[in-house]
There are 2 protein chains.
Amino acid sequence: MTAPEIIRPAGPFDLGGTGDGAGRPARAQDVARAAGVSTATVSRAFNAPEKVAPAVRDRVLEVAAALGWLPHPAGAALAKRRTAIAGVVIPNLGQEVFAFQVEAMQAAFAERGITLLIGCANYDPAEAVRQTRAMLARGVEALAVVGESQADGFFEMIEARRVPYVVTYGYRADSPHPSVGFDNRDAFRVITRHLLDLGHQTFGGILQPMGNNDRVAARLAGVRETLADQGLGLRPGHLREGRADIAFGRESLRAMMEGPAPRPTAIICGTDLLAVGALLEAPALGLRIPQDLSVTGFDDIALAAEFDPPLTTMRVDCAEIGRLAAGHLLARLEGIATPGKIAIIPSFIARGTTASAPRR
Amino acid sequence: MTAPEIIRPAGPFDLGGTGDGAGRPARAQDVARAAGVSTATVSRAFNAPEKVAPAVRDRVLEVAAALGWLPHPAGAALAKRRTAIAGVVIPNLGQEVFAFQVEAMQAAFAERGITLLIGCANYDPAEAVRQTRAMLARGVEALAVVGESQADGFFEMIEARRVPYVVTYGYRADSPHPSVGFDNRDAFRVITRHLLDLGHQTFGGILQPMGNNDRVAARLAGVRETLADQGLGLRPGHLREGRADIAFGRESLRAMMEGPAPRPTAIICGTDLLAVGALLEAPALGLRIPQDLSVTGFDDIALAAEFDPPLTTMRVDCAEIGRLAAGHLLARLEGIATPGKIAIIPSFIARGTTASAPRR
DNA sequence: TTGTACGCGTTATCAT
DNA sequence: ATGATAACGCGTACAA
């Protein structure tokens, strides 16, 4: 039943509702006429219902519904001098952490009638600039952007248009930017501390690319500092940096374990996905987790708790980050003073992939 | 260094660029004045450069850049009677398949200067209605929506505004809706056929919820039909329906394998995630994959190929779906006739989780 | 409480 | 090739 069905084009000027019988979409004036009121009253019935006599208001809303009329956003934006659009720029769609953040932001903005534009930069600063420029051209009233390592002039571009913005997911007390996030360095101190307490002395690190990603650099710094406190360090061969996926986790573990002794007894991964890669590769190397090797992740993605053994990791409440970021921006939009730095505390979750260091 | 820094509010009317020295954002008139031309020429310099003398055009663009002026989208939308906004409604952000589709759509629309609005319905038809209504109120010129099982009146709502739309991810030759997708039934026929060819006789199914999801129902139908061709069927206890996550995959496999004999030797899962759940639970049940039990997934998420053993599954080119959906909508917007049904063929990928049925 | 009338910023039409 | 001007659809002082 694959008839060569062809869809008639709609044509670019064919938007809008049923109007007054003509093909033309309904306007406020049509509603006004049909309800026997002025366009001002129609507008008020929608934007300030309390200023309209109940009977009139009901009639207007009824007529509007019948005509399928909704205020045209362009006209409204022009008259109100507000677009009611905000934007968020994230590295990647389809990644749990960012998805949760975006969903929460979307919900928070929607409550105030603000539409959220989503832009993906794919970890490319130039693309982030393009996406952001497009959003500014769209008239976004506020912007959230993941991370503060952006191309030169990125924030200047936003500030030139006086658009309030907030950096999410990263947090640095001395950052010049308003931000909602957590201290990546502290978080990885906690992880490293946990492994030190378990008696580990030789560590490996598998991290996502640090270029254009301040968060990863901070994580590594956290590990290094905590090790240095005990007079330990990360050997060059025990630090791998590459794509944040399972495959790189696998190949990194293999490289380290096939390298010269001493070999790490604990692997700190910058991401759960990298850790899962290590967990998947371990059996092939004859390594039992956690008896022979401890592994940690970060993010607490859904897979982490379900894996076998379940992954020791750190959970960040990304929805909360999204809510707080949206709240911050809404406050600024409404002229309310707001703290410039908001910190979230990630929670460490000890599960099955970390244990005491093996006896040598 | 956690000074109690406070951000001064921007105020809601503080949008836009540097303007002419006052706080006011620049308008076309400012650019016109500064460049010694009329606003009409400014507009043409941006929208129809070829109609403006090169020298004038360059001067206008230069002045515009200096003033940080960009055409205000609301004004442009009003005058052009085009919002240059499209929308897509998906069940869930943060799921690879939809993320790829959305990214591809976004790219395709961006090439034509169209911004894509993204709405998440969270598998809730009522929420899909809300999201779609909001998008229509926003003046979207075109809509893509995942799946055709929507609330009553959903498509009527879209058609009432004469907005061209397309259903993605699902495909049914006799569907009343324009669609871009694949035949879920055929796909699961292929999977079932593969397992039959391996000699399996007793099958289990683990599926995501079928309510409000035509795609899942079609998948089950494909399995049932193919089994029926061989005089086989799916025992009630061997069909599980629930949340599309790893945990449900795990508990479903356990329930089936702890149930009464005969027990399935092949498990068909509606999603890779469900399959991964089954794979993770199998060892705990003393089952070796694929010697004792074959398992199949669907989607070919990144994890599938990396798992141990790698998951036999079916890959759908979601980016292609997105591209085609956007192409279809763009064509209708531009008044070009378009096929109403576009089919994608998923590809079966035999990997390590399927093998000959165990000898009884 | 309701209506009048103007302005929001841009683009399209028509004239030059 | 360029300019003047009238829409585009709505919100909001201001007047009634």
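Only heavy atoms go into these numbers, but all of them, side chains included; no hydrogens, no water, no symmetry mates. Per chain, numbering begins at 1; letters A, B, ... match sequence-line order.
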Selection from [options] that lies nearest to any side-chain heavy atom of [X]:
X	options	value
V52(B)	dT2(C), dT2(D), dC10(D)	dT2(D)
P71(B)	dT10(C), dT12(D), dC8(D)	dT10(C)
S43(B)	dG9(C), dG7(C), dT11(C)	dT11(C)

> Relative to the ring of F46(A), is the ring of W69(A) parallel (under 30°), tilted (30 to 60°) or perpendicular (over 60°)?
Replying inline: perpendicular

Remember a base hit wins even if backbone is also touched, and classify [X] as base, sugar-phosphate or nothing at under 4.0 Å, heavy atoms.
X	answer
A76(A)	sugar-phosphate
V42(B)	nothing
A28(A)	sugar-phosphate

Distance check needed: [N] [atom2] versus [X] [atom1], whole Å only.
X	N	atom1	atom2	answer
L78(B)	dT5(D)	CG	P	21 Å
R82(A)	dC8(C)	CZ	C1'	15 Å
K80(B)	dG9(D)	NZ	P	16 Å
H72(A)	dA7(D)	NE2	C1'	14 Å

> Hey, does the side chain of Q106(A) reach the backbone of I118(B) with a donor-acceptor pair shorter than 3.5 angstrom?
Replying inline: yes

> Does a distance-only test, which skips hydrogens and angles, find a donor-acceptor pair under 3.5 Å between the side chain of R81(A) and the base of dG7(C)?
Replying inline: no

>> Contact between L136(A) and L143(A) at the side-chain level, heavy atoms closer than 4.5 Å - yes or no?
In response: yes

> Just to confirm, is there a sub-4.0 Å distance from OP1 or OP2 of dG3(C) to any side-chain nitrogen or oxygen of T41(A)?
Replying inline: yes

